[in-house]
Amino acid sequence: MRSISHQSSSGASITTLLKGCKRSEHLEQVHASIIHRGLEQDHFLISLFIPLSHTLSTLSYSSTVFLRVLTPSTFLWNTLIKSHCQNSFFSHTLSAFARMKAHGALPDNFTYPSVIKACSTTCKPWEGKSLHGSAFRCGVHRDLFVATSLIDMYGKCGQIVDARKVFDGMSERSVVSWTSMLVGYVAVGDVVEAKKLFDEMPQRNVASWNAMLQGFVKVGDLSCARGVFDVMPEKNVVSFTTMIDGYAKAGDMVAARFLFDRAPGKDVVAWSALISGYVQNGQPNQALRVFLEMESMKVKPDEFILVSLMSASAQLGHLELAQWVDSYVSKSCIDLQQDHVIAALLDMNAKCGNMERALKLFEEKTKRDLVLYCSMIQGLSIHGRGEEAVNLFNKMLMEGLSPDEVAFTVILTVCSHVGLVDEGWEYFQSMKERYYISPLPDHYACMVDLLSRSGHTRDAYELIKLMPGEPHAGAWGALLGACKLYGDSELGEIVANRLFEFEPLNAANYVLLSDIYAAAERWIDVSLVRSKMRERNVQKIPGSSKI
DNA sequence: CTAGGGTTAG
């Protein structure tokens, strides 16, 4: 028997009580009286209770209450699913949906948007596809909200063609549908299609403008972004944060700070954009100063802020600061199991010299991702434990993780450091052959450096000729230095002549060049180089050989 | 159901 609360006097009074709940203790009292009056099966009351217990109390508390309902209606399932979703419990959203179907409750058009959102946030496009099919079988796939969340889901997962299909098949679209489609184009970096859609939109709100703004910021087109920003009919803190982040990523922290000071209603995200900007631009002290400024404004730091702070401490290599941040994180309610947090924490400890802590963090984590491995490998390397670093990299490969460009930079640097020519060469080759990554100039430079310093100057020369992009002063310098060191004057001259074509050079390379020419007794070239050095005001480096 | 911030290298 179900009682309908707004018809029974006790249910109505409890509804009033529930709406007045501000703390978890209040909620527990109300729960007690729900049990006392035998209203545990009142779906309306429970539907009010669930979202409240999510915000005021814990996830397990709300689950307990929900589990006591014998036959939850579709309406009640929807309340649970939506509440899970709104509180970012996405895996719970998906499992609640599975339980709902197992219980035989029929999902409707109010069920799907939250479930689809949970799916897009955890980025599982294959599950999204099956949800699409499921919504189709329930006959709700053409519902405005369901279709809009499908566009959002496909767009966020990069399935732009599927998103567009849903969009084109809609008979009625809201401003949110249009914005979701726009976000899809922005997500895949297609700012041209994004702009086209933006111009076609029948109506726009501030979210649409912000999405367009982000589109330009993402491709680094700050002048277009600025153009949009200046003509927006309405700006909010999100618009400002997008621009702050854009300027920060472009290295213009003066502009970023200027906008930050003018941003209305600065929240933790706006602070985060500024702080991480300073960190990414190698100004850890400034980042720290802004963090203290934020604390004085009583803004509570979240895990994003703390990750930036860890990176700042790592850059400074300041052990006491690192220990302070480490204990700060332990005391706060930040989830320490998040991949980003662990990786940053490990890197900070390794760089600040607390290897025991770094290793402990690594050992305790069972599901290790690429970044965590790379941080650990790098950490071992900077403490002179290159062999262990290489072994760990191989272990990572055995676990089936696919290295990216950064991972290869790390491992090639390690090999170069330890002088492991064969291993380095093997990794370098496997980049293209096994992982389909074309090596960047930095990867070539690392390899050239390794080959040169271990005496394989001819191989290094063959490789340097294949290097893409502008001539890399470091790589050429390393090769030149090796020719001199190993007395290969013939190759030295070839390299020198080639390098000379790339003028102007850096100071060290001019010095090496004149040394090579001197060894070959090409005095005319020596004086040519020296006059170039005088012209460019290059000081002779102390300790280099005299002629 | 739509908009903003984080980690690893050089």
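These numbers come from the heavy atoms of this one structure, side chains and all, not from hydrogens, waters or symmetry mates.
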Check whether the side chain of [X] and the base of [N] form a donor-acceptor pair under 3.5 Å.
X      : N     : answer
A:T241 : B:dG4 : yes
A:N205 : B:dA3 : no
A:D302 : B:dG5 : yes
A:D267 : B:dG4 : yes

For [X] and [N], is the shortest distance between a side-chain N/O and OP1 or OP2 below 4.0 Å?
X      : N     : result
A:K249 : B:dG6 : yes
A:K266 : B:dG4 : no
A:S381 : B:dA9 : no
A:Q203 : B:dT2 : no
A:K351 : B:dA9 : yes
A:Q280 : B:dG5 : no
A:S114 : B:dC1 : yes
A:Q378 : B:dA9 : yes

Counting the atoms with a prime plus P, OP1 and OP2 as sugar-phosphate, which does [X] contact under 4.0 Å by heavy atoms, base, sugar-phosphate, or nothing?
X      : answer
A:V406 : base
A:A147 : nothing
A:V237 : base
A:D442 : base
A:V268 : base

Taking the minimum atom-to-atom distance to the side chain of [X], which one of [options] wins?
X      : options              : result
A:V341 : B:dC1, B:dA3, B:dG6  : B:dG6
A:E303 : B:dA9, B:dG6, B:dC1  : B:dG6
A:V307 : B:dA9, B:dG6, B:dT2  : B:dG6
A:S311 : B:dT7, B:dC1, B:dA3  : B:dT7
A:T409 : B:dG10, B:dT2, B:dT8 : B:dG10
A:S276 : B:dT8, B:dG4, B:dG6  : B:dG6
A:F304 : B:dG6, B:dG4, B:dT2  : B:dG6
A:N236 : B:dG6, B:dT7, B:dA3  : B:dA3
A:D245 : B:dT8, B:dG6, B:dC1  : B:dG6
A:V269 : B:dA3, B:dG5, B:dC1  : B:dG5

Could you check how far [atom1] of [X] sits from [atom2] of [N], rounded to whole Å?
X      : N     : atom1 : atom2 : answer
A:M310 : B:dG5 : CE    : C1'   : 15 Å
A:I305 : B:dG5 : CD1   : P     : 13 Å
A:H417 : B:dA9 : NE2   : P     : 13 Å
A:K300 : B:dG5 : NZ    : C1'   : 17 Å
A:H340 : B:dT7 : NE2   : P     : 8 Å
A:Y278 : B:dG6 : OH    : P     : 16 Å
A:L306 : B:dG5 : CG    : C1'   : 13 Å
A:I275 : B:dG4 : CD1   : P     : 19 Å

- Task: State whether A:E293 and A:R257 are salt-bridged, where the test is any N-O pair (Lys NZ or Arg NE/NH1/NH2 against Asp/Glu carboxylate O) under 4.0 Å.
- Result: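 Salt bridge between A:E293 and A:R257, a charged N being under 4.0 Å from a carboxylate O: yes.
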
- Query: Charged N to carboxylate O under 4.0 angstrom, A:R357 versus A:D326?
  - Reply: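 A salt bridge is present here (some side-chain N lies under 4.0 Å from a carboxylate O).
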
- Message: Do A:F408 and A:P439 have side chains that approach each other closer than 4.5 Å (heavy atoms only, starting at C-beta)?
- Response: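 Contact flag for A:F408/A:P439 side chains = no.
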
- Message: With a 6.0 Å cut-off on the ring centroids, do A:H132 and A:Y154 count as close?
- Response: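 Yes, ring centres under 6.0 Å apart.
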
- Message: Taking A:F89's backbone N and O only, do any of them form a donor-acceptor pair with A:T93's side chain (distance below 3.5 Å, no angle check)?
- Response: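 Present.
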
- Message: What I want to check is whether the side chains of A:T179 and A:S208 have a donor and an acceptor closer together than 3.5 Å.
- Response: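 There is such a pair (donor and acceptor under 3.5 Å, judged by atom type) between the side chains of A:T179 and A:S208.
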
- Query: Looking at A:F240, does the NZ or CZ of A:R262 lie under 6.0 angstrom from its six-membered ring centre and within 45 degrees of the ring axis?
  - Reply: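 Not flagged: A:R262 not positioned over aromatic ring of A:F240.
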
- Is NZ or CZ of A:R204 both nearer than 6.0 Å to the six-membered ring centre of A:W209 and within 45° of the ring axis?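 Yes, A:R204 and A:W209 form such a contact.
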
